[in-house]
Q: 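Encoded as structure tokens, here's the structure I'll be asking about.
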Amino acid sequence: MSFNAALVDRFTQMAKLMELLGEDSFKASAHARAARTIGDHPNDLESVAKGPDAKAHLTKIEGVGAKIADKIIELATTGSISELDALRSKAPVGLLAVMEIPGVGPKTAAVFWKQGGVESVADLKRIIADGSILKLPRMGAKSVEKIRESIAIVEAGAQRLHLGVAMPIAERVVGHMRAVPGVSNVAFAGSLRRGKETVGDLDVLVCTNDPSSAASAFVGMHGVLQVIAQGESKCSVRMAIRSDNGRWGGDDAGSATGAEASIQVDLRVIDEERWGAALMYFTGSKEHNVRLRERALKLGLTLNEYGVFPEDPSTVEPPQQRGVPSIASRTEHEVYASLGMAWVPPELREDRGEIDAFAEAASESDPVSAGGKLARRKRGASTGHEPPASAATGHARGVPRLVELQDIKAELHAHTTASDGVMSIVELATAAKRRGFHTIAVTDHSRSSAVAGGLSPERLREHIRDVREAGAQVQGIRILAGSEVDILSGGELDYDDDLLAELDIVVASPHAALSQDSATATRRLLKAIEHPLVHILGHPTGRLINRRAGLSPDVPALVQAAKALDVALEINTHWFRLDLRDTHARVVAEHEALVAINSDVHAPEDFDNLRYGVATAKRGWITAAACVNTWTQPALLAWLKKKR
DNA sequence: GCCGTTTTCGGCCCGACTGTTTTCAGTCG
């Protein structure tokens with residue numbers, strides 16, 4: 001576990017234990033918040049915590065003050081946090097798992113413990129089985145049955161679904177609902193709409209003049225395993241998942257208990273008049289919504305899922321129930337505008353600085369309020385760089401012109417039957433051309449990737465000739481001869497320089513030795529970036545989401561080197577990789593370095609993953625200009641040529 | 001414990017739903 005992951009684990013535990021023990025809830029949420037921002041932090045904090053001015057650097061992180069900084073330093077230097085040890089001595093640690101059960105919060109867990117003698121999930125199952133749970137306060141038959149079902153779901157190995165598994169399910173639901181009579185609008189919301197790499201459940205919103213037909217159509221969908229709730233305004237079901245992890249084998253439904261893998265899908269019926277406010281509310285993130293509400297209050301307004309309302313001293317009843325007209329609610333643009341903001345793309349709604357940035361953009365004509373907001377905001381510690389001025393890389397009026405799917409005009413990482421792809425060079429080029437691309441790079445594996453059919457130097461020389469021939473054969477698209485060259489464990493590349501120099505493009509990627517420590521991995525990847533013939537660093541960490549952690553290099557160091565040497569860092573678009581991840585991409589954006597959004601194509605359908613990579617890039621605030629795949633063919637070829 | 005364009009002290013989002021109550025606590029998003 002990386003040091004940051006350890007911090008997230010420790011502070012999360014502290015927050016949970018404080019809630020359980022009934023300590024100050026604001027203190028508990030302060031620790032939970034610190035865990036979240038540390039989890040988002042791109043570089044390893046261990047060296048920061050052990051280095052000079054540790055406290056000053058650490059307190060620059062949002063949500064980290066003097067006390068939490070001390071605890072970070074304590075963990076780095078002693079390997080433990082004494083306050084956490086004290087908390088753990090006050091309450092059984094097994095209760096943390098009890099609190100993970102949906103529907104069981106800190107208060108309920110405390111009752112189980114203090115009045116029911118429960119110290120673990122096993123204890124909880126025991127008092128459910130012998131019925132003694134019914135003697136506890138507020139525990140009726142229905143509550144107990146819900147808890148029993150929730151335990152079963154947790155034990156079936158419920159984990160968040162990959163973005164690329166959840167998206168087709170959501171689109172099927174949306175398509176199904178769109179065809180229901182009376183339905184005028186359908187959309188999915190939640191973390192799926194934000195393009196998060198994993199998704200816990202699906203939220204689907206409909207606008208209809210016939211709610212009961214919509215509800216019955218929803219619960220009657222193919223694949224529905226269980227109807228959890230069916231009302232006029234909200235329905236919840238569990239739907240079966242069929243997932244295929246493709247060339248990595250296995251699947252997401254890896255349940256050892258034999259229970260069918262499923263995902264909860266919520267349907268909500270929304271009035272047309274409040275569509276925008278509801279869409280915002282259900283898109284989240286929770287943290288983004290909280291910030292917006294705080295902003296509304298400062299402006300003398302109240303924001304809820306029904307709209308923006310004038311502030312009201314009456315706290316008894318929500319404004320919409322007293323017939324107070326909303327100031328804005330019909331569209332998201334309207335709602336943001338009423339809060340003095342430009343519309344925020346869903347991928348950015350994570351409370352990572354977007355509120356200030358998009359308020360600044362909207363108020364740019366007002367020099368008093370426009371200046372300095374970003375600068376005042378806390379920045380990640382110890383990157384050693386201030387964020388760039390907004391104007392330089394495609395930022396218009398303070399709002400970044402983020403990369404969009406239709407901007408992508410080149411694929412720079414693709415495999416053919418020469419290694420482990422399923423298409424010939426001509427088939428690959430034809431497929432890329434059909435996508436509207438002007439350039440496709442053939443980058444089969446290098447010799448060390450033996451299981452992937454890596455090419456020997458001799459075989460690569462033949463392959464280059466084959467690529468040139470195909471180029472003459474297929475018109476209307478430029479086919480580049482390249483290689484996805486293994487970065488060996490010490491940072492050396494898998495082919496000699498004279499061979500690499502014959503290639504139009506070199507993508508250097510780590511494939512083995514993915515458990516190296518952070519410092520070794522950083523040296524290894526830096527060496528590849530510094531290689532004069534390398535254009536792109538492919539899937540830099542080698543992680544597989546929900547499968548393996550991969551490398552944890554010092555990303556800011558890699559980005560600075562890549563920026564200086566004109567190397568692009570890849571966002572690999574396969575939903576199993578999404579590597580670089582969103583928070584890493586954000587570092588690239590802040591340093592105005594380059595990314596390559598590549599689909600690592602092995603089969604024709606891999607091109608379809610592009611949207612997941614674009615979503616990840618947007619979550620990292622990557623502009624179109626910063627993505628080499630959006631460039632014109634002459635610009636792209638000129639960039640490649642500089643390394644030849 | 002953190003934080004600051006009405007604050008270095010005194011706040012810290014808002015509503016729905018559920019199940020259990022007899023007016024509301026707990027959980028969730």
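By convention in this document, chain letters (A, B, ...) are assigned in the order of the sequence lines, proteins followed by strands, and residues within each chain are numbered from 1.
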Q: Taking the P atom of each, how far is B:dC13 from B:dG4, in whole Å?
A: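 These two P atoms come out 14 Å apart once rounded.
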
Q: Among A:Arg193, A:Arg611, A:Arg178, find the residue that satisfies the salt bridge (charged side-chain N to carboxylate O under 4.0 Å, His left out) test when tested with A:Glu171.
A: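 The option that passes is A:Arg611.
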
Q: For atom C1', what is the distance between B:dC2 and B:dT7, given to the nearest Å?
A: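 Result for the C1' pair: 13 Å, nearest Å.
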
Q: Quick one about A:Ser2 and A:Asn4 (side-chain donor to acceptor, distance below 3.5 Å, no hydrogens or angles considered), yes or no?
A: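 Per modelled atom types, A:Asn4 and A:Ser2 side chains form no pair under 3.5 Å.
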
Q: Output the rounded distance in Å from CD (A:Gln115) to P (B:dG26).
A: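 In whole Å, B:dG26 P lies 11 Å from A:Gln115 CD.
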
Q: Contact class for A:Lys67 vs. all strands (heavy atom < 4.0 Å): base, sugar-phosphate, or nothing?
A: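 Contact class for A:Lys67: sugar-phosphate only.
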
Q: Whole angstrom is fine here: how far is it from CZ in A:Phe282 over to C1' in B:dC17?
A: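 Taking CZ of A:Phe282 and C1' of B:dC17, I get 11 Å after rounding.
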
Q: Could you work out the separation of B:dT6 and B:dG1 based on their C1' atoms and round it to a whole Å?
A: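 The same atom, C1', in both gives a distance of 23 Å.
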
Q: List the residues meeting side chain to side chain contact (heavy atoms under 4.5 Å, CB included) with A:Ala215, not counting sequence neighbours, and say none if there are none.
A: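 Partners of A:Ala215 by the side chain to side chain contact (heavy atoms under 4.5 Å, CB included) criterion, ordered by chain and then number, come out as A:Gln230, A:Cys235.
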
Q: Under 3.5 Å, is there a donor on one side chain and an acceptor on the other for A:His288 and A:Glu354?
A: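 Yes - a donor-acceptor pair under 3.5 Å links their side chains.
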
Q: Just do the side-chain contact (heavy atoms from CB on, under 4.5 Å) check on A:Met239 and A:Arg172 with the steps written out, would you?
A: CA-CA 11 Å; A:Met239 274 188 86; A:Arg172 210 169 63 232; 3.6 Å; yes

Q: If you assign each of A:Pro137 and A:Tyr306 to its closest nucleotide in DNA chain B, which residue comes earlier from the 5' end?
A: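 Result: A:Tyr306.
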
Q: Do A:Met99 and A:Glu19 come within less than 4.5 Å of each other through their side chains, counting heavy atoms only?
A: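 A side-chain contact exists here, since the closest heavy-atom pair is under 4.5 Å.
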
Q: Taking A:Asp582 as the fixed residue, which of A:Arg352, A:Lys618, A:Lys196 is the one that meets the salt bridge (charged side-chain N to carboxylate O under 4.0 Å, His left out) rule?
A: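 Going through the options one by one, the only one that passes is A:Arg352.
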
Q: Give the intermediate values and the outcome of side-chain contact (heavy atoms from CB on, under 4.5 Å) for residues A:Gln264 and A:Leu202.
A: CA-CA 6 Å; A:Gln264 181 167 335; A:Leu202 302 177; over 6 Å; no

Q: Using the test side chain to side chain contact (heavy atoms under 4.5 Å, CB included), find all partners of A:Leu21 that sit at least two apart in sequence or belong to another chain.
A: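 Listed in chain order: A:Glu23, A:Leu87, A:Lys90, A:Ala91, A:Trp113.
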
Q: Near DNA chain B, counting only heavy atoms under 4.0 Å, which residues of residues 139-149 of chain A show up?
A: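 Result for residues 139-149 of chain A: A:Met139, A:Gly140, A:Ala141, A:Lys142, A:Ser143, A:Lys146, sorted by number.
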
Q: CG of A:Asp351 versus P of B:dC3: gap in Å, rounded?
A: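 For the pair A:Asp351 CG and B:dC3 P, the rounded distance is 12 Å.
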
Q: Can A:Phe26 be called stacked on B:dC12 when the rule is centres closer than 5.5 Å and an angle between planes below 30°?
A: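 Taking the rule of under 5.5 Å and under 30°, the ring of A:Phe26 does stack on B:dC12.
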
Q: How long is the line joining CZ of A:Arg138 and P of B:dC24, in whole Å?
A: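 For the pair A:Arg138 CZ and B:dC24 P, the rounded distance is 11 Å.
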
Q: Between B:dC28 and B:dT20, how far apart are the two P atoms, rounded to whole Å?
A: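 So the two P atoms sit 16 Å from each other.
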
Q: Find which nucleotide of DNA chain B each of A:Pro106 and A:Asn304 is nearest to by heavy atoms, and output the residue with the more 5' nucleotide.
A: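 Upstream on the strand: A:Asn304.
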
Q: Verify side-chain contact (heavy atoms from CB on, under 4.5 Å) between A:Tyr336 and A:Val344, making sure each step is shown before the conclusion.
A: CA-CA 8 Å; A:Tyr336 279 113; A:Val344 180; 3.7 Å; yes

Q: Between B:dG29, B:dG15, B:dC2, which nucleotide gets closest to the side-chain atoms of A:Glu305?
A: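 Minimum distance to the A:Glu305 side chain belongs to B:dG15.
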
Q: Please give, in whole Å, the distance from B:dC2 P to A:Asp24 CG?
A: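 Going from CG in A:Asp24 over to P in B:dC2 covers 12 Å.
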
Q: I want to check one thing: is the phosphate of B:dA16, taken as OP1 and OP2, less than 4.0 Å away from some side-chain N or O of A:Ser233?
A: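 False: A:Ser233 side-chain N/O out of range (4.0 Å or more) of B:dA16 OP1/OP2.
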
Q: Is the base of B:dT22 syn or anti, where syn means the angle lies within 90° of 0?
A: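 Anti for B:dT22; the angle lies over 90° from 0.
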
Q: Take the protein atom CD1 of A:Ile68 and the nucleotide atom C1' of B:dC3, then report the distance between them rounded to whole Å.
A: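 Atom CD1 in A:Ile68 sits about 12 Å away from atom C1' in B:dC3.
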
Q: When you compare B:dC14 with B:dC9, how far apart are their P atoms, in angstrom units rounded to a whole number?
A: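 My reading of the P atoms in B:dC14 and B:dC9 gives 25 Å.
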
Q: Flag this pair as yes if the NZ/CZ of A:Arg274 is under 6.0 angstrom from the six-membered ring centre of A:Tyr306 and inside a 45 degree cone about the axis; otherwise no.
A: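 Here A:Arg274 passes the 6.0 Å and 45° test against A:Tyr306.
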
Q: Taking the same atom, P, in B:dT8 and in B:dG15, what whole-Å distance lies between them?
A: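 Between the two P atoms, the distance is 29 Å.
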
Q: Can a donor-acceptor pair under 3.5 Å be found between the side-chain atoms of A:Tyr281 and the base atoms of B:dG29?
A: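 Pair found.
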
Q: For DNA chain B, which residues in residues 3-21 of chain A have a heavy atom at a distance below 4.0 Å?
A: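 Of all residues in residues 3-21 of chain A, none places a heavy atom under 4.0 Å from DNA chain B.
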
Q: For the residue pair A:His31 / A:Lys71, report whether a side-chain donor-acceptor contact shorter than 3.5 Å exists.
A: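 On atom types as modelled, these side chains qualify, holding a pair under 3.5 Å.
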
Q: Answer with base, sugar-phosphate or nothing: what part of the nucleic acid does A:Leu292 contact at a heavy-atom distance below 4.0 Å?
A: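 Nothing, no heavy atom under 4.0 Å.
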
Q: Between A:Lys146 and A:Glu149, does any NZ, NE, NH1 or NH2 come within less than 4.0 Å of an OD or OE carboxylate oxygen?
A: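 Salt bridge flag = no for A:Lys146 with A:Glu149.
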
Q: Considering just the side-chain nitrogens and oxygens of A:Asn289, establish if one lies under 4.0 Å of OP1 or OP2 belonging to B:dC13.
A: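 For A:Asn289, the contact criterion (side-chain N or O under 4.0 Å from OP1 or OP2 of B:dC13) is not met.
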
Q: Taking the P atom of each, how far is B:dG26 from B:dT21, in whole Å?
A: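 It works out to 13 Å between them.
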
Q: What is the separation between atom CD on A:Gln264 and atom C1' on B:dG29, rounded to the nearest whole Å?
A: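 It is 11 Å, rounded to the nearest whole Å.
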
Q: Do NZ/NE/NH1/NH2 and the carboxylate oxygens of A:Glu350 and A:Arg194 come within less than 4.0 Å?
A: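 Here A:Glu350 pairs with A:Arg194 in a salt bridge, since their nearest N and O are under 4.0 Å apart.
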
Q: For nucleotides 8-11 of chain B, print each protein N/O atom paired with a nucleotide N/O atom at under 3.5 Å, atom names and distance only.
A:
none

Q: Which ones in residues 27-39 of chain A lie close to DNA chain B, meaning a heavy atom under 4.0 Å from one of its atoms?
A: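 DNA chain B contact set from residues 27-39 of chain A: A:Lys27, A:Ala30, A:His31.
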
Q: Determine, step by step, whether A:Ile81 and A:Phe11 satisfy the side-chain contact (heavy atoms from CB on, under 4.5 Å) criterion, reporting the C-alpha distance in whole Å, the side-chain angles of both residues, the deciding distance to 0.1 Å, and the verdict.
A: CA-CA 10 Å; A:Ile81 298 173; A:Phe11 286 136; 4.3 Å; yes

Q: Decide whether A:Ser285 and A:Arg349 meet the rule of one side-chain donor and one side-chain acceptor closer than 3.5 Å.
A: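 The answer is no; no qualifying pair exists.
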
Q: Under a 3.5 Å limit for both distances, which nucleotide forms a Watson-Crick or G-U wobble pair with B:dG11, could you say?
A: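 The base-pairing partner of B:dG11, which may sit in any strand shown, is B:dC2.
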
Q: Quick one: A:Leu84 CG to B:dG1 P, roughly how many Å, whole number?
A: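 Distance, rounded to whole Å: 12 Å.
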
